[in-house]
Amino acid sequence: MRPFTYERAKSAQDAAVKAATTPGARFIAGGTNLLDLMKLEIETPTHLIDVNGLGMDRIEPIDGGGLRIGALVRNTDLAADARVRKDYGVLTRALVAGASGQLRNKATTAGNLLQRTRCPYFYDVNMPCNKRKPGSGCAAIGGFSRQLGVIGTSDACIATHPSDMAVAMRVLDASVETIRPDGTTRAIPIADFHTLPGQTPHVETALEKGEMIISVALPKPRGGTHIYRKVRDRASYAFALVSVAAVIGKDGKGAVALGGVAPKPWRVEGADALLPNGSKAVADRLFAGAAPREDNAFKLTLAQRTIAAVLAEAKA
Amino acid sequence: MKFDTPAGTNPIDRMKVVGQPTTRIDGPLKVGGHAPYAYEHQELPGKPAYGYVVGSAVAKGTIRSMDTSRAERAPGVVAVVTHRNAGKIAKGNFNTAMLLGGPKIQHYHQAIAVVVAETFEQARSAAALIDVDYARDRGAFDLAAAKVDAPDATGSDAPTAVGDFAGAFAAAPVQIDQTYTTPDQSHAMMEPHATIAAWEGDKLTVWSANQMVAWGAGDLARTLQIPPENVRLISPYVGGGFGGKLFLRSDVIMASLGAKAAKRPVKVALPRPFMGNNTTHRPATIQRIRLGATQDGTLTAIGHESWSGDLEGGGPESATQQTKLLYAGANRMTALRLAVLDLPEGNAMRAPGEAPGLMALEMAVDELAEKLGMDPVKLRVINDTQVDPEKPERPFSQRNLVRCLEEGAERFGWARRKAPGQVQEGRWLIGMGVAAAFRNNLNMKSGARVRLSPSGQVTVETDMTDIGTGTYTIMAQTAAEMMGVPLAKVTVKLGDSSFPVSAGSGGQWGANSSTAGLYAACVKLREAIVAKLGFGPGEATFENGQVHVGNRVADIASAAKGGEIVVEDSIEFGDLGKKFQQSTFGAHFVEVAVDRYTGEARVRRMLAVCAAGRILNPTAARSQVIGAMTMGVGGALMEELAVDKRFGFFVNHDLAGYEVPVHADIPHQEVVFLDEADDKVSPMKAKGVGELGLCGVGAAVANAIYNATGVRVRDYPITLDKHLDKLGEVV
Ligand SMILES: Cc1cc2nc3c(=O)[nH]c(=O)nc-3n(C[C@H](O)[C@H](O)[C@H](O)COP(=O)(O)OP(=O)(O)OC[C@H]3O[C@@H](n4cnc5c(N)ncnc54)[C@H](O)[C@@H]3O)c2cc1C
Ligand code: SF4
């Protein structure tokens, strides 16, 4: 870990300004991802701006329907919120499928959206990795890539985004609300929030320099059965091989998004319309143009079968 | 004491303390956080500095140049040690690669430097400032490719043959000829390798997490080329080892070199990402098994070949070991073949040989049973043997495998098992599997010192270790039984090389050998007490803190009135192990559920029935077995060090990437011990259980998965991708 300086931000805009003007600055929320990466010198910020004390830890109703989740709401609290459990069950289910109780007590809404990939080569600083060190190459391509992405990837990076929460937010059509150093705010649809790697896998989101997440807005509840199915090699405390977030109505119509397969929560709106046609049609549409590797091609089959499981559960 | 004839009746047979379920005497210390582990000792001769180890970034090659100047100038740095300033370092007897690498690099993450600083954080951040320029060499990293011209192993691992295997196999009406693979596995114990080293003049003391104190101290002296009497190794508490701490490892050497350079005590703990490549691992195997049988299930031919790899000068994973002894069969062969690989050093991990060997053999037996249309329990029963099949003049000292199988089948409800793929509950496919458990019992010379104080306190001193197994407790039970005192009157001191050399903890030899050594010392103490009191001749009975000879009675404490009585003895094992095959046995039964959609396999129920001689402490023995069963589930379902065949290293080298079971993976586990006492193994009549519990579990899980799905996966671990596309269409 490199030495760094630390400050507590006074306001959201203050934090954004400091982040934009202090070289090497990063926000820190729960620290459950950033600190681990700093210890391994995968991340080497020289200044940390603590955003914990800014009162962004509330969940509030939005006029006309919907919920606004503060950026600093802990994953545990979000999952346990009565309104979330009642109207956005897929989100609660996704959250409690992630990490462990202790981690969820610390992890925040914004930090969860911005957690970095779990590609094992990203984690080993002796290995080439375009995401960690732009231009150094990608050790995962041609290597051990069982956990990695099958779609939306590029020849520069095949990493996945590991969040469970974000997959549920994607199916709920959430938007990420931010503040910029000049004090302006904007709402970024979650579909546009995470970016695909292309030739710049170190760029992972649409956030601008200094831009800070202040909240996540959920639109009016989407009726139907809320399901989050996470498939992994052990029963708990593991990242998804494939996960499926779905909200499905009695008529068989609904929305579906996948985790564990792409650099961002993977949803193709055209695939939603195919839900009444069964899992094969949905999977074919979701994975059109997929580029699996030899050791992760099973994810295509697994995704189709997991969607089938979800459809069966929704019917039951 | 020499143990060369079967044990007669002795005080242990009373089983007033030994054999009784006893909670660990060190439990309160551990749960209270007062038991010092290697990194936590406070009784140091100076303020410690912190060492951080740098590992090689390449798997094979040479360090062309190394620039440590930035690290040396970094805040708080006290010393930087590399091969250039370490002085002469030799290789120990037990490790294959040098524990300090450079200029030659033998494997990825081989230690090449230690940075010592005032704080851990300073040492870690300075360690990242060392610039190394490597000349990379091509290496061999692919077992399947290197297997082709791998030669036979030699010595005790040389091929064996009895009868005419080839002819009998060819003639057998029912045959199995399959290849099975097991991956590289990591010990992944909770406490990382850790050491504090302190020099006082030319005397070196290390507080280190080590299973085998005398081996460690000896190899430390050898490696640093200092006289053995100048080394003291202290290891009272060890947070798990599983074989990973059998030998001297880089933490000890780097702490010692760092302390010498820093001229003060230095603490080194290997960070978790070093677990996969800096330390040792269980080598992967490729195993071919051929079984030939007649229609009635009699095995006529048993052939087992296994390939594994290791660094030049290393050894094979002896996966054929159990096949020499487990089943009868007139014609048989085994062969171990060893390829040279430039992956990190392979070495012993819990039940080396048998653990991966049984994963293959017991799956092959299941396949044979199916081909024969025979119940797999029955197939095993009819091929039981009471003698060493390779040397029929050697009977087993005691062998109750059949009882384990039959009693287990009864308790588990085995009769309800259906044909493969027949039982479904909702989305779950349900199956049951069985496998035999087998692990040899090994005995090692073991010594102990016993003191009797004027207050009647009995103190035991031996360099034996407690690696979480419960050694403290069984030693106290043994001394209490022998001396006729309550447990509270016994103090046990372990894990110090200044104490008599013991068997140490490994190969499941620790419990039986070390308590037998203590038995010998207690026999001597009993004699000394009787002599001191002037009682005798006549048979002495020790109970309730008193000694009785004829009608004379005295408190044993009174014998020490004039001063503490101190005796020392050891147990040495004669040739009973040659005359009788000494092994431990068991049967594992497992029920699994496999998700029909996703292929996820989850274990629902497990039962182990074990026959392992006298069980010294049923509470601790059960813990050993359920822990081993848990490890077996890991081996069956998830554990695998993934090899990168280009860069030559294990990629998933931390606990996020190397998955072991979590609580949610482990269901109800039941353990039954048959009531046994084996008089041919030791005066304790006990054998090991610590490894037996792991042997065969993996195959029982695999066989249960097959029974659930009807899809046979022969490559461990059985992750969902290996059978997913054969589970039938789902829409
Ligand atoms: C062992 C382990 C297992 C895990 N398993 C799972 C799992 O199964 N599923 C899963 O989804 N997750 C898992 N996680 C990841 C966990 O969810 C994340 O670590 C956590 O959500 C990050 O939140 P945090 O608040 O601690 O973020 P931090 O570590 O504080 O920050 C993460 C990033 O977000 C940035 N950031 C923080 N707040 C803001 C803000 N307001 N605006 C802009 N940027 C900000 C930081 O600068 C940093 O780059 C696991 C983590 C661990 C350590
Ligand atoms: S897949 Fe991406 S994160 Fe992984 S090594 Fe390649 S560039 Fe790095």
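Each chain gets a letter, A, B and so on, in the order the sequences are listed, and its residues count up from 1. Keep in mind that the numbers below use all heavy atoms, side chains included, and drop hydrogens, waters and symmetry copies.
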Inset, instruction - Look at B:D595 together with A:R229 and state whether they make a salt bridge at an N to O cut-off of under 4.0 Å. - result: yes
Open item on the list: Taking A:K280 first and then B:E729, would you say they form a salt bridge - that is, a charged N and a carboxylate O separated by under 4.0 Å?
Closed with: yes
If you count heavy-atom pairs within less than 4.5 Å of chain A, which of [options] leads?
{"options": "B:D725, B:V660, B:V633, B:V58", "result": "B:V660"}
{"options": "B:R124, B:M638, B:K722", "result": "B:R124"}
{"options": "B:K645, B:R602, B:H653, B:H663", "result": "B:R602"}
{"options": "B:A57, B:A127, B:P271", "result": "B:A57"}

Is there a side-chain contact between [X] and [Y] in this structure, where contact means two heavy atoms from C-beta onward sitting under 4.5 Å apart?
{"X": "B:L727", "Y": "A:R305", "value": "yes"}
{"X": "B:S125", "Y": "A:E41", "value": "yes"}
{"X": "B:D644", "Y": "A:F144", "value": "no"}

Keeping [X] on the side-chain end and [Y] on the backbone end, is there a donor-acceptor pair under 3.5 Å?
{"X": "B:D665", "Y": "A:A235", "result": "yes"}
{"X": "A:R234", "Y": "B:V662", "result": "no"}
{"X": "A:S236", "Y": "B:A664", "result": "no"}
{"X": "B:R646", "Y": "A:A139", "result": "yes"}
{"X": "A:Q304", "Y": "B:V730", "result": "yes"}

Quick check for you: to the nearest 0.5 Å, what is the distance between [X] atom [atom1] and [Y] atom [atom2]?
{"X": "B:D721", "Y": "A:D295", "atom1": "CG", "atom2": "CG", "value": "9.0 Å"}
{"X": "B:L655", "Y": "A:Y237", "atom1": "CG", "atom2": "OH", "value": "9.0 Å"}
{"X": "B:Y597", "Y": "A:I307", "atom1": "OH", "atom2": "CD1", "value": "13.0 Å"}
{"X": "A:D233", "Y": "B:L637", "atom1": "CG", "atom2": "CG", "value": "9.0 Å"}

Ignoring hydrogens and geometry beyond distance, is a side-chain donor-acceptor pair present between A:D124 and B:Y108 at under 3.5 Å? yes
Given the rule in the side-chain contact (heavy atoms from CB on, under 4.5 Å) test, do A:M127 and B:F649 qualify, once you have shown the distances and angles that lead to the verdict?
CA-CA 11 Å; A:M127 292 294 132; B:F649 77 121; 3.7 Å; yes
Closest non-hydrogen atoms of B:E600 and A:R232, given as atom of the first, atom of the second and distance, are OE2-N, 3.5 Å
Here the pair of heavy atoms bringing B:T598 nearest to A:L302 is O-CD1, 3.6 Å
Heaviest contributor of heavy-atom pairs below 4.5 Å to chain B, chosen from A:G142, A:A281, A:P3, A:A238, is A:G142
In terms of heavy-atom pairs under 4.5 Å with chain B, the winner among A:E313, A:K39, A:K299 is A:K39
* Asked: Where do B:L720 and A:F298 land on the side-chain contact (heavy atoms from CB on, under 4.5 Å) test, with the steps shown first?
  -> CA-CA 9 Å; B:L720 55 88; A:F298 75 93; 4.0 Å; yes
> Should the pair B:F647 and A:Y121 be assigned to parallel (<30°), tilted (30 to 60°) or perpendicular (>60°) ring geometry?
Replying inline: tilted
